[in-house]
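What follows is one structure encoded as structure tokens, with my remarks underneath.
We use all heavy atoms of the structure for the numbers below, so side chains are in, but hydrogens, waters and symmetry mates are not. Quick note on labels: first sequence line is chain A, next is B, and so on, each numbered from 1.
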Amino acid sequence: MPELPEVETIVRDIRPALLGRRIDRVSLSHDDVLRGVSRRRLVQGLKGATVREVFRRAKHAVLDLGERRLVVQPGMTGSLIVHDRRLTSDERRYAVLRAALDDGRELVYRDVRRLGTLLLLDTPGWNRYTGAIGPEPLDAGFTPRQLAAALARSRQAVKKVIMDQKYLAGVGNIYANEALFAAGIDPSKPAASLRSDDHVRLHAEIRRILLAAIGSNGTTVRDYRTGTGEQGSFQLELLVYGREGAPCRRCGTRLAGTHAIDGRITVFCHRCQS
DNA sequence: ACGAGGTCCTGCGAGC
DNA sequence: TGCTCGCAGGACCTCG
């Protein structure tokens, strides 16, 4: 599922097509993707609204509609695409939210597993939502010190902490694995046991990898698509994720895999990460 | 506060 | 071929 680079790619793709557009018609196939908003209020809130801005927060895409903001959390299998022609039957399949735009195009939120979520927030709701999420790793203000402060408080595994959205925004399982490998840090190490040179390396590698992944339009393992429906290509650059049992690209050691941290697959090199 | 584990969903690939 | 099982990029919840 989309992590920061994937959602950033989606937002960059769909933003030009959405800015200034009015939403004319809305349809929703399932209510179970809604949180904190009823079907009626969602449809009423979107219909007739004009898209003022489109941006990303953490792993979520946000449409600023003036009075309210639509937050799309794609979860594991969600995609957000602006179509400029009739949808194929394949594209209609699993389309959860369809919003017809005033220029004839259509914004479609598609989600096979429907673990994704749609929120429609007023200003106080938005403030609560964004206030509960940690710093954006690609912001200029994100420093090794800021990362260190988040890690210092926790004895949990460093991988779990950097994936925890309240400490750091946008890093999910793929990029956590990759950044820890690149920084030479054992994912199971207690966060508070990292030293300042670890903070500097991890900070740099998180940013470097996220930027590189954005440059490749994200990582397509299975479902992820860009805002124009294409696959990303960063899967070709992954050094550890998905390579359990294969030789480490740096030293040739067989990569280890475990589900011991937060029940998510962790792949690492015993020799290069300590 | 923490860690472990379950829940929401569906599809796919492995193994029998 | 056809079945069952385990697993999958996230986020949120409860329990002890």
### Message
Over all strands shown, is Ile174(A) touching base, sugar-phosphate only, or nothing at heavy-atom distances under 4.0 angstrom?
### Response
sugar-phosphate
### Task
Just compare dA11(C), dA8(C), dC9(B) and give me whichever is closest to any side-chain atom of Met76(A).
dA8(C)
### Query
If you draw a 6.0 Å radius around CZ in Arg39(A), do more than 12 non-hydrogen atoms from other residues or ligands fall strictly inside?
yes
### Query
dG6(B) and dG6(C): how far apart are their P atoms, nearest whole angstrom?
12 Å
### Query
Toward the 5' end of DNA chain B, which comes first, Asp262(A) or Asp32(A), by nearest nucleotide?
Asp262(A)
### Message
Within the 3.5 Å criterion, strictly below it, is a donor on Gln156(A) or Tyr167(A) matched to an acceptor on the partner's side chain?
### Response
no
### Query
Where the side chain of Gln156(A) is defined as all heavy atoms beyond and including C-beta, which of dC2(B), dA11(C), dA8(C) is the nearest nucleotide?
dC2(B)
### Task
Look through every strand shown and name the nucleotide pairing with dC9(B) as Watson-Crick or G-U wobble, where both distances are under 3.5 Å.
none
### Query
Which of parallel (below 30°), tilted (30 to 60°) and perpendicular (above 60°) describes His60(A) and Tyr129(A)?
tilted
### Message
Other residues, nucleotides and ligands only: do more than 12 of their heavy atoms fall within 6.0 Å of CD on Gln44(A)?
### Response
yes
### Query
Which part of the nucleic acid, if any, lies within contact of Glu6(A), taking any heavy atom under 4.0 Å across all strands shown: a base, the sugar-phosphate backbone alone, or nothing?
nothing
#### Entry: Quiz item: Arg113(A) side-chain donor-acceptor pair to dC9(B) base, under 3.5 Å
yes
### Message
Taking only side-chain N and O atoms of His259(A), does any of them lie within less than 4.0 angstrom of OP1 or OP2 on dC7(C)?
### Response
no
### Message
Looking only at the side chain of Arg114(A) (C-beta and beyond, no hydrogens), which of the listed nucleotides dT10(B), dA11(C), dC8(B) gets closest?
### Response
dT10(B)
### Task
Looking at every strand, decide which applies to Tyr241(A) at a 4.0 Å heavy-atom threshold: base, sugar-phosphate, or nothing.
sugar-phosphate
### Task
Look at Arg56(A) together with Glu8(A) and state whether they make a salt bridge at an N to O cut-off of under 4.0 Å.
yes
### Message
Considering every strand and a 4.0 Å limit on heavy-atom distances, what is the contact class for Val221(A): base, sugar-phosphate, or nothing?
### Response
base
### Task
Look at all strands and tell whether Thr219(A) reaches a base, only sugar-phosphate, or nothing, counting heavy atoms closer than 4.0 Å.
base
### Summary
Glu244(A) atom CD is separated from dA14(B) atom C1', nearest whole Å, by 15 Å
